[in-house]
2 protein chains.
Amino acid sequence: MVIRTPEEFGKTGINVRIRTRVEGVDPGKGEVLLSEGSRLPYDILVMATGAEAVRLRVPGSDLEGVFVLRNLTDALRLKSFIGEKGCRKAVLIGGGYIAMEMCEALRNLGLETTVMVRRTRPVMRWDAEFAKMILEELEKNGVRFLPETRPAAVEEGKGSRLRLITDKGELDTDLILMGVGARQNTALAESIGLTLGESGAIKVDARQRTSRDGVYAVGDCCEAFHRVTGRWVYMPLGDIANKQGRIAGQNIGGYPSEFPGIVGAQCFKVFNLEVGATGLTEEEALQCGFQPVSAMIWGLPVGRPMSRGERLGVKLVADKNTGKLLGGQCIGEKGAVQRINSLSVALFAGMTIDEVGYLDLAYAPPFGGAWDAIHVAAQNLGKKL
Amino acid sequence: MVIRTPEEFGKTGINVRIRTRVEGVDPGKGEVLLSEGSRLPYDILVMATGAEAVRLRVPGSDLEGVFVLRNLTDALRLKSFIGEKGCRKAVLIGGGYIAMEMCEALRNLGLETTVMVRRTRPVMRWDAEFAKMILEELEKNGVRFLPETRPAAVEEGKGSRLRLITDKGELDTDLILMGVGARQNTALAESIGLTLGESGAIKVDARQRTSRDGVYAVGDCCEAFHRVTGRWVYMPLGDIANKQGRIAGQNIGGYPSEFPGIVGAQCFKVFNLEVGATGLTEEEALQCGFQPVSAMIWGLPVGRPMSRGERLGVKLVADKNTGKLLGGQCIGEKGAVQRINSLSVALFAGMTIDEVGYLDLAYAPPFGGAWDAIHVAAQNLGKKL
């Protein structure tokens, strides 16, 4: 049964209050203070306060037409605005997932689209070589890319609705979407003294328990255990949030369960390109005390006789000391996310590069070569260890 | 450098003799006896004699127009025959990979195509529920399917080139392709007394050494270690053969290496359907002394908002005693092989169903839900353990 409304929840014995803000928590009495003025008693409290989109504080950033994108309401608001105001031009500030995924949506709506980033390339987690392929894909689809550009201010425009002032000049646009990251909502947690982790998000244990008895935290407001580094990190991704919620529910329901943690698997699609990564980059590996060694190959997502020229880039990172796989990146028209998932399971299990080089993967020419691109990359990397 | 001709091999210092049959081996002297009459000395001998396609011995099975398909020569011969004789009808005997893959090729060439099997469904490794989806795909693409039918004889035809007599009636056809399995070539191995395994294929160790010093075996003539069962099995697949060849080469070259074994990953494409399996079926699990429990779900290969109605079937098998994953099967228009590969890595690592239920897989709506079909299947199965 899929539950969609408060009434449907009511029938399950679960009381849902919508349009109600929790203004405070009284942990001594075991009560939450609601915006409507009443108090609600609790035995168990679950912090699922999520994160909010970062909005750059430049002059004019609160003008109509400047958006962030965090939830469904944001998306509907943006979509209505484009239709109602007859927008023709959009600027995306930031080169992360929001920008990569939204530039496709905006181009499909026919908008002239510009992606503007502080650094030299988008999605810094991926190798510069892979970023080139992403930039080619943006160009092929008519997206303008402005590297090393910072926004300074937003003003009312003349021909267009807005004018974006940057350190490199000015841009006329009808809307601006800021995709510059998310920040955990911890005000309520801090108000009752919950311990935060080094990342600034709520510290939890493998059962999603916080520092205070009877208080759990799940999702984008809390940390997760990274199996590759053995550290607690902040990685606000929807699939992780779902898993943490389930673990907390099991523990609360009397079925002790531990969240085994994450390996940093992530992906996005930009036009016809699949882009995925898992584990650590070389930079992260260094910071965590590993001795990273890497290899990158361009292979095929299908068997050679079936190839129509699609490329598949695979980069692997391993630790010189232990021979263990530390991370992977893949990019290509197809098959990139599939490889990232195989590598993610290998990371989850703590495999060595030697093992990855001989993984038993299902072979048939429509899906890869007898030696998969993963094998080739792992064997190349193995020679450097 | 890709080496394609004997001359190119010669330049590498490797002597390749084509159109030369090894008639015998004299292990005492360390010599092989060649078909041209000469003898060739060796220090190390590698048996890579492969397998051959099984040809059903029914009357008329040697008539022109009755084919097996094992190598490139077979394929070229079949293709020429179709063109030169203007074939319009084909019958595929057997419901394995050869039949599944060839019926697409034959339909693309415009032939009326019939698949005929002894049992009730094709590719018995897959659940009956999944076989239904395969049969729908065959039907949708105009392939006729005849279950529980056995060939009795082949005769010269009248309107068509051949007439196939079966226990259920007669079929007019221009060609018959037998895809009823492969059998290891071990005559040479047996002639020098190499030990064979229970499967009948050459027994090897993890370094691909046979029972005789200095003699290795690799590929479709020898066994492979199955990590899930801990037994040596015969699974003549191209990717396994490649891996074994590399392992033998490393050991011969003075770099001791062990083949970590297989988990039984396999897949094929039939028209627009991806079909994959890994590990054990319930039947195999029972035979190997496990207590198999299974769960099957129909999920989506993409996030719900992106779905165009594609289905993704996932079946998992686990052992009730240990909670370990034993095998998986997937089917669907897309994403099936990707899931099989993730499951294959999980099998390779010996993961439990609980671990599979919380694997960190890369999530974005074009590639799956926040809970992937794998997670849902594993969690359903977990409840039965």
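For the numbers below, each heavy atom of this structure counts, side chains included, while hydrogens, waters and symmetry mates do not. By convention in this document, chain letters (A, B, ...) are assigned in the order of the sequence lines, proteins followed by strands, and residues within each chain are numbered from 1.
- For Ile340(A), the part sitting under 4.5 Å from any heavy atom of chain B is the side chain, from C-beta outward, and nothing else.
- In this structure, Lys243(B) contributes its side chain and Trp371(A) its backbone to no donor-acceptor pair below 3.5 Å.
- Residue Phe268(A) touches chain B through its backbone alone, counting heavy-atom pairs closer than 4.5 Å.
- Here the side chain of Asp239(A) pairs no donor or acceptor atom with the backbone of Ala362(B) at under 3.5 angstrom.
- Heavy atoms of Ile247(B) lying under 4.5 Å from chain A belong to its backbone as well as its side chain.
- Neither the backbone nor the side chain of Tyr97(A) comes within less than 4.5 Å of any heavy atom of chain B.
- Proximity to chain A involves both the backbone and the side chain of Ser342(B), based on heavy atoms less than 4.5 angstrom apart.
- Within 6.0 Å of atom CG in Asn272(A), 12 or fewer heavy atoms from other residues, nucleotides or ligands are found, so the atom counts as exposed in its surroundings.
- Separation of atoms CG (Leu361(B)) and OG1 (Thr278(A)) is listed at 9.0 Å; rounding is to 0.5 Å.
- Of all residues in residues 344-354 of chain A, those placing a non-hydrogen atom less than 4.5 angstrom from a non-hydrogen atom of chain B are Ser344(A), Val345(A), Ala346(A), Phe348(A), Ala349(A), Met351(A).
- The candidate from Gln379(A), Arg246(A), Arg227(A) with the greatest count of non-hydrogen atom pairs under 4.5 Å with chain B is Arg246(A).
- Of all heavy-atom pairs spanning Cys267(A) and Tyr363(B), the tightest one is SG-C, 3.8 Å.
- Of all the listed residues (Asn242(B), Ile374(B), Leu343(B)), the one sharing the greatest number of non-hydrogen pairs under 4.5 Å with chain A is Asn242(B).
- With rounding to the nearest 0.5 Å, the separation of OH in Tyr358(B) from CD in Glu258(A) is 11.5 Å.
- Considering all non-hydrogen atoms of both residues, Ala265(B) and Asp360(A) come closest at N-OD2, 3.3 Å.
- In terms of non-hydrogen atom pairs under 4.5 Å with chain B, the most contact-rich of Val356(A), Val263(A), Asn341(A) is Asn341(A).
- At most 12 heavy atoms of other shown residues, nucleotides or ligands fall within 6.0 angstrom of atom NZ in Lys324(A).
- Among the candidates Arg339(A), Glu355(A), His375(A), Glu274(A), the residue making the largest number of heavy-atom pairs closer than 4.5 Å to chain B is Glu274(A).
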